[in-house]
Amino acid sequence: DKVMVAEGVYQESLELKAAVEIEGAGPEKTVIECVAEEGSVITVGTEAKGARIAGMSLRQTGILLAEERFPVVAIDGSDVLVEDCQIENGSGHGIAVLNGSSAVLRNVRVMRCGWDGLAVAGGNSRATVTDSRFEGNIHHGFDAWDCGSVDVKRSRCRANGLTGIVLMSSGVKSTVESSTSDANRELGIQVANGAVAELRGNQLLSNLLGGLLVRDPQTRVTASGNRFMRNFRVGAVVDKRSEILLWERNVATENEGQQVRMNVDLATMK
């Protein structure tokens, strides 16, 4: 079934328990919000596999500084499509994909959240992201760890408080293609903790510490056609303990420090 939600602002904390579609009149026209300390705006549980959330703004109000915080959208052990939505002002993560969930995000904008814009973790959780933006979040634009992974195309991580894109699930493969990570306060992309990543045709621009960092034993990266430009310290750094499976047609230019540093002993790097 499909639930059509008219224009307006609704104070709700919803829990989906069936595979329904919830479709609003468009972001900033249909707004669902709840107080941050009361819960997530929408929680998608295991009974709601196949649900769709579209055409609305979802946000928390108030500030919660507790050690545990609710994401704006919690996808817990389920499969869901989120498209044409704006997720904002979360005290915790904007979207959390947890415990074996699978999420497809299309034309989603996640901004001004207290932790990551998108967090993918636990039980081989996976997010497929296209044509989306993650900006102005206090931690990372998006982060995959604890067996979580992402496939990202034509998306942007901009002006986040830490790193734009973090991939750190040991032995798990993620891909980032034709995307931009820029103006973040740390790095454009970090691949660490034994993660496996394919990076193709991305632009890592004007990040405060650097464009790309590959680190830690058993981390493996394929990088082709990427551009590392105008970063404030270094274009790309690769730990000598990590493995580059392919490095071709990458361009590093106009970075204020060094352009590319391969086989680096990170313990001695300043």
Side-chain angles (χ1 to χ4, degrees), residues 53 71 73 75 79-87 93-98 101-111 113 115-122 124-137 139-160 162-184 186-193 195-207 210-214 219-229 236 245-246 249-250:
I53 302 165
V73 177
I75 303 168
D79 302 331
V80 65
L81 167 62
V82 183
E83 59 183 342
D84 302 323
C85 284
Q86 183 165 294
I87 316 295
H93 301 304
I95 303 174
V97 182
L98 308 170
S101 295
S102 176
V104 176
L105 311 182
R106 299 176 185 158
N107 190 29
V108 172
R109 188 178 184 186
V110 186
M111 56 187 184
C113 292
W115 288 345
D116 302 330
L118 168 66
V120 186
N124 297 313
S125 293
R126 191 166 195 88
T128 301
V129 182
T130 55
D131 302 312
S132 296
R133 294 172 66 101
F134 306 86
E135 54 189 328
N137 300 290
H139 284 185
H140 309 300
F142 60 83
D143 188 1
W145 78 97
D146 189 23
C147 296
S149 61
V150 294
D151 288 314
V152 181
K153 291 183 179 179
R154 300 187 306 275
S155 296
R156 187 176 187 181
C157 292
R158 183 180 186 279
N160 296 286
L162 297 177
T163 291
I165 300 168
V166 176
L167 309 173
M168 52 185 300
S169 291
S170 179
V172 177
K173 182 179 178 180
S174 293
T175 63
V176 183
E177 181 178 354
S178 303
S179 295
T180 299
S181 187
D182 63 309
N184 299 289
E186 288 190 349
L187 302 159
I189 298 179
Q190 179 175 195
V191 188
N193 195 41
V196 181
E198 288 190 13
L199 311 176
R200 302 188 297 266
N202 302 294
Q203 297 192 80
L204 310 183
L205 314 172
S206 304
N207 298 287
L212 171 67
L213 174 62
V214 179
T219 299
R220 293 176 290 162
V221 170
T222 297
S224 60
N226 302 287
R227 297 173 66 85
F228 317 112
M229 298 178 61
L245 302 176
L246 176 69
R249 296 182 290 105
N250 299 298

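Numbering starts at 1 and runs along the sequence shown.
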Atom of C157, atom of G164 and distance for their closest heavy-atom approach: SG-O, 3.5 Å
Interatomic distance, NE2@H139 vs NE2@H93, rounded to 0.5 Å, equals 8.5 Å
Residues, nucleotides or ligands: over 12 heavy atoms within 6.0 Å of R220 CZ: no
Does N226 reach the main-chain N or O of N250 with its side chain, forming a donor-acceptor pair under 3.5 Å? no
CG-OG distance between N160 and S181, expressed to the nearest 0.5 angstrom: 7.5 Å
Would you name the heavy atoms of T175 and R200 that are closest together and state the gap between them? CG2-NH1, 4.4 Å
Are the side chains of R156 and D182 in touch, meaning some heavy atoms are under 4.5 Å apart? yes
State, with a plain yes or no, whether a side-chain heavy atom of M168 is found less than 4.5 Å away from one of D143. yes
Shortest non-hydrogen contact from C113 toward D116: CB-O, 4.3 Å
Indicate yes or no for a side-chain donor-acceptor contact from S174 to the backbone of L167 under 3.5 Å, with no hydrogens or angles considered. no
Start with the C-alpha distance between V166 and W145, add both sets of side-chain angles, then the distance that settles side-chain contact (heavy atoms from CB on, under 4.5 Å), and finish with yes or no. CA-CA 8 Å; V166 176; W145 78 97; over 6 Å; no
Show, in sequence, the C-alpha distance, side-chain angles and deciding distance for S149 and R126, and conclude whether the side chain to side chain donor-acceptor pair (under 3.5 Å) test is met. CA-CA 5 Å; S149 61; R126 191 166 195 88; 2.2 Å; yes
Is there side-chain contact between V152 and F142, with heavy atoms separated by less than 4.5 Å? yes
Side-chain contact test, heavy atoms from C-beta onward, threshold under 4.5 Å: evaluate it for Q86 versus M111 and give yes or no. yes
From L199 atom CG to I189 atom CD1, the distance as rounded to the nearest 0.5 Å: 5.0 Å
Counting C-beta onward and ignoring hydrogens, is there a side-chain heavy-atom pair between K153 and S178 closer than 4.5 Å? no
Among residues at least two apart in sequence or on other chains, which ones pass salt bridge (charged side-chain N to carboxylate O under 4.0 Å, His left out) with R227? none
Passing option when L105 is tested against T128, I95, V73 for side chain to side chain contact (heavy atoms under 4.5 Å, CB included): I95
CG on L205 to CG on N207, rounded to 0.5 Å: 7.5 Å
Could you tell me whether the side chain of S169 and the main chain of G148 form a donor-acceptor pair under 3.5 Å? yes
Give a yes or no answer on whether the side chain of N202 reaches the backbone of S179 with a donor-acceptor pair at less than 3.5 Å. yes
Taking every non-hydrogen atom, the tightest pair across S125 and A121: OG-O, 3.2 Å
Nearest-0.5 Å distance that lies between atom OG1 in T219 and atom CG in L213: 9.5 Å
Rounded to the nearest 0.5 Å, what's the gap from CE on M229 to OG on S206? Could you check? 8.5 Å
Does one side chain, of S170 or N193, offer a donor that lies under 3.5 Å from an acceptor on the other? no
Mark yes or no for whether T130, through its side chain, and R106, through its backbone, hold a donor-acceptor pair below 3.5 Å. no
Do you know which two heavy atoms are closest between N137 and H140, and how far apart they sit? CB-O, 4.0 Å
Would you say the side chain of V108 lies within less than 4.5 Å of the side chain of I87, judging by non-hydrogen atoms? yes
Test item: side-chain donor near acceptor, N107 and D131, under 3.5 Å: no
